[in-house]
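Report on the structure given below.
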Amino acid sequence: IVPGFEASTAASGLAIVAAAAFEDRPALEALLSSVWAAAFPTWDHGALSFAASNAVGDAVMLFGMLRAVSDPGSAA
């Protein structure tokens with residue numbers, strides 16, 4: 001849980017997966033904006049991670065982000 005935001009990166013990641021799967025662009029854009037603002041993205045040797053997250057949260061958000069950019073008809 002991110003203090004002050006009361007948000008969980010893993011839960012946000014699952015919401016990103018759902019928004020991408022249902023092609024809900026407004027929700028997806030809002031969720032991604034929130035992640036970039038509240039999860040404190042960091043780059044280390046070309047790898048993106050979120051300081052307010054853990055390996056599970058990062059993995060779920062990655063899956064959701066990849067689903068968001070994949071072809072709508074493809075199974076992710």
Side-chain angles (χ1 to χ4, degrees):
I1 305 294
V2 179
F5 291 97
E6 302 306 318
S8 163
T9 53
S12 296
L14 291 173
I16 289 168
V17 170
F22 289 102
E23 299 177 18
D24 185 346
R25 298 305 283 179
L28 181 61
E29 290 172 5
L31 287 162
L32 291 174
S33 293
S34 296
V35 165
W36 284 103
F40 309 106
T42 60
W43 290 93
D44 186 23
H45 302 289
L48 173 65
S49 65
F50 295 91
S53 185
N54 58 27
V56 173
D58 286 351
V60 173
M61 285 190 287
L62 172 63
F63 178 78
M65 290 176 191
L66 290 174
R67 178 62 181 98
V69 297
S70 69
D71 294 334
S74 69

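Predicted, not measured: the structure shown is a model, and the values here were computed from it.
- Considering only residues two or more places apart in sequence or on other chains, A27 meets the side-chain contact (heavy atoms from CB on, under 4.5 Å) condition with A19, D24.
- Evaluation of the side-chain hydrogen bond (donor to acceptor under 3.5 Å, both in side chains) rule for T42 yields S49 as partners, not counting sequence neighbours.
- Listed here is the closest heavy atom pair of A20 and R67: CB-CG, 3.8 Å.
- Cluster note: M65 groups with I16, L28, L31, L32, V35, W36, W43, L48, F50, M61 through ILVMFWY side-chain heavy atoms spaced under 4.5 Å, whether in direct contact or through intervening members.
- Qualifying side-chain hydrogen bond (donor to acceptor under 3.5 Å, both in side chains) partners for S53, counting only residues two or more places apart in sequence or in other chains: T9, D58.
- Judged as a ring-ring contact (aromatic ring centres under 6.0 Å, His included), not a single pair has a partner in residues 8-31 (not counting sequence neighbours).
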